[in-house]
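This report concerns only the one structure given below.
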Protein chains: 2
Amino acid sequence: MPTLTFKLNPLLYLRDPQHTELGQKIISASVTLIDKLGFEQFTFKKLAEEIDSTEASIYRYFENKHRLLLYLIGWYWNWLEYRIDLFTSVLTDPVEKLKACIRVIAEKKKYDTNFDFIDEEALYRIVLAELDKTYLTKQVDVDNKDGLFGGFKSICKKIAEWIKEINPDYPYPHALISTTLLTAKQQIFFADHLPSLTDFKKVSDQAGALEDFLLNLIFQSIKKS
Amino acid sequence: MPTLTFKLNPLLYLRDPQHTELGQKIISASVTLIDKLGFEQFTFKKLAEEIDSTEASIYRYFENKHRLLLYLIGWYWNWLEYRIDLFTSVLTDPVEKLKACIRVIAEKKKYDTNFDFIDEEALYRIVLAELDKTYLTKQVDVDNKDGLFGGFKSICKKIAEWIKEINPDYPYPHALISTTLLTAKQQIFFADHLPSLTDFKKVSDQAGALEDFLLNLIFQSIKKS
DNA sequence: GTTTTATGATAGTAATACTATTATATTTGT
DNA sequence: ACAAATATAATAGTATTACTATCATAAAAC
């Protein structure tokens with residue numbers, strides 16, 4: 001089985017980390033380290049120590065740690081879209097597509113052997129804790145102009161099309177799907193850390209209940225009246 | 001008309017800023033400055049210069065800038081709950097209460113003369129951009145144990161009760177309301193910065209459409225089947 | 001076999017997030 | 001009215017962060 005790679009927006013990096021050994025080590029170790037320390041405590045210096053390299057070398061790949069985070073989250077969106085495609089491309093009915101897609105969004109993320117040097121479980125924990133920090137910045141408009149949020153937008157657009165097919169009169173397809181994508185990760189975070197803000201349990205079959213919640217949320221909302 | 005004050009969790013501060021002139025200046029100026037610079041660029045040093053005081057003096061009121069942010073956001077939740085109470089306490093029907101409440105959540109926030117030294121419009125912009133950073137940290141569990149998210153939880157609990165009254169069989173009242181509260185601010189942020197993730201416009205009557213979206217989202221979800 | 005390119009080693013800087021100390025001004029208790 | 005307590009200001013200092021710059025060397029490409 002060939003290892004797949006995603007073509008990410010080149011503005012995310014200075015040198016493409018997928019094409020060199022050091023680059024791959026940077027990606028791989030940054031996932032582990034951000035997961036462990038949290039983005040605030042994570043530094044290029046610590047990362048350099050981890051992979052026996054130097055700060056200066058890492059700066060040749062990424063302008064700063066925010067761009068690196070954008071890269072990782074961008075990779076995640078690509079991976080999620082790839083998974084959505086995997087489970088929906090065979091389907092024709094948009095209702096079925098939407099259902100399959102919600103399952104992918106709500107499912108517990110597992111390590112994907114198609115992609116070397118990225119631990120998807122750790123990456124998803126990063127998504128849970130750090131995603132919002134990619135756009136909640138003063139430079140959001142500049143970053144957006146550079147297309148750095150393309151992965152998120154792409155998924156949103158795709159799913160919004162299905163919603164429009166199901167009910168062309170529903171006026172808020174983009175809002176509904178961006179809400180769904182963010183709600184999925186928020187509720188998992190709340191289940192883990194702020195349980196009184198949710199109804200999902202940490203341990204047991206959280207994904208199933210979450211999927212049920214999201215299915216209800218979406219399909220009731222877009223129902224023709 | 002008497003100026004109202006909220007009793008906030010004392011663990012949020014070292015010295016109560018509401019009770020001294022310097023404290024009030026700290027609160028007031030930090031709202032302006034965080035709004036202007038963003039939380040990342042905001043420092044106690046810049047704040048001290050702004051109010052002609054010193055870093056050391058500010059540190060006597062707040063342990064660090066994260067606690068100060070928690071204080072401001074805590075104040076916001078108290079203010080929002082106060083507004084919800086204001087518009088719902090006269091109502092008896094939980095459906096009506098819920099509707100009125102959604103209106104308060106979706107409405108454009110205006111300066112409230114009942115509260116001196118807090119600019120609610122600026123504070124709401126801070127909420128839009130910085131709220132998630134209060135809990136997306138490595139110390140979230142410690143902070144939660146200290147009750148620092150009490151304001152958010154309190155609102156959630158209150159509204160969840162109304163949902164339970166309307167439909168006792170709906171299984172996800174807390175998830176639904178925390179989703180609503182966060183969605184409201186996310187969609188406003190997206191309208192301003194990432195318009196392809198939403199269907200709301202920046203300029204015109206965004207609040208009205210947003211309210212409609214949220215009303216539909218909630219009432220369709222909790223509808224008895 | 002030389003030129004290009006990538007990496008490593010090392011150094012340096014301004015800013016940040018604090019902590020500590022002392023002096024002075026103000027308020028409070030008696 | 002005076003001493004004691006308290007709040008604030010002024011100043012200094014520290015470890016860490018987020019970079020930038022320079023130079024040497026090793027590996028790859030032409």
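In what follows, every chain begins at residue 1, and chains take the letters A, B, ... in the order their sequences are listed. Computed from a prediction, not measured in an experiment: that's the story for all the values here.
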For this session: Specify the separation, in whole Å, of atom CG of A:Leu14 and atom C1' of C:dT5.
Result: 15 Å
For this session: Search all heavy atoms of B:Arg60 against all heavy atoms of B:Leu14 and return the closest pair with its distance.
Result: O-CB, 3.3 Å
For this session: Would you sort out whether B:Thr43 and B:Glu55 count as a side-chain hydrogen bond (donor to acceptor under 3.5 Å, both in side chains), showing the intermediate values?
Result: CA-CA 9 Å; B:Thr43 67; B:Glu55 243 184 308; over 6 Å; no
Problem set entry | Those residues of residues 39-53 of chain B lying under 4.0 Å from DNA chain C by at least one heavy atom | B:Thr43, B:Lys46
Problem set entry | Interatomic distance where CD belongs to A:Glu21 and P belongs to C:dA6 [whole Å] | 15 Å
For this session: Just compare C:dC18, D:dT8, C:dG8 and give me whichever is closest to any side-chain atom of A:Leu22.
Result: C:dG8
Provide a list of protein-nucleic acid N or O atom pairs under 3.5 angstrom, restricted to nucleotides 21-30 of chain D.
none

For this session: Using whole Å, report how far NZ of B:Lys25 lies from C1' of D:dA9.
Result: 12 Å
Exercise. From C:dG8, C:dC18, D:dT8, pick the nucleotide closest to the side chain of B:Asn64?
Worked result: C:dC18
Exercise. Can you name the nearest heavy-atom pair linking A:Tyr61 to A:Leu22, along with the distance?
Worked result: CE1-CD2, 3.7 Å
Problem set entry | SB check B:Lys109 B:Glu121 (cutoff 4.0 Å) | no
Exercise. Closest to the B:Tyr61 side chain: D:dT8, C:dA17, C:dA6?
Worked result: D:dT8
For this session: Report the distance from atom NZ of A:Lys65 to atom P of D:dT16, rounded to the nearest whole Å.
Result: 15 Å
Exercise. Is the closest basic N to carboxylate O distance between B:Glu81 and B:Lys158 below 4.0 Å?
Worked result: yes
Exercise. Mapping B:Arg15 and B:Glu55 onto DNA chain D by nearest heavy atom, which one lands closer to the 5' end?
Worked result: B:Arg15
For this session: Measure the distance from NE2 on B:His66 to P on C:dC18 and round it to the nearest whole Å.
Result: 11 Å
Exercise. Tell me: NE2 of B:His19 to P of C:dT27, nearest whole Å?
Worked result: 17 Å
Problem set entry | Donor-acceptor pair between B:Ser57 and B:Thr54 side chains, under 3.5 angstrom | yes
For this session: To the nearest Å, give me how far apart CD1 (B:Ile58) and C1' (D:dT8) are.
Result: 12 Å
For this session: Would you mind reading off the distance between A:Phe62 atom CZ and D:dC19 atom P, rounded to a whole angstrom?
Result: 14 Å
Exercise. Counting distance only, does the side-chain N/O of A:Asp119 pair as donor-acceptor with the main-chain N or O of A:Tyr111 below 3.5 Å?
Worked result: no
For this session: Verify ring pair (Phe, Tyr, Trp, His ring centres under 6.0 Å) between A:Phe200 and A:Phe190, making sure each step is shown before the conclusion.
Result: CA-CA 8 Å; A:Phe200 307 110; A:Phe190 290 159; over 10 Å; no
Problem set entry | With sequence neighbours excluded, residues passing side-chain hydrogen bond (donor to acceptor under 3.5 Å, both in side chains) with A:Asp146 | none
Exercise. Can you find a side chain N or O atom of A:Ser57 that sits less than 4.0 Å from OP1 or OP2 on C:dG8?
Worked result: yes
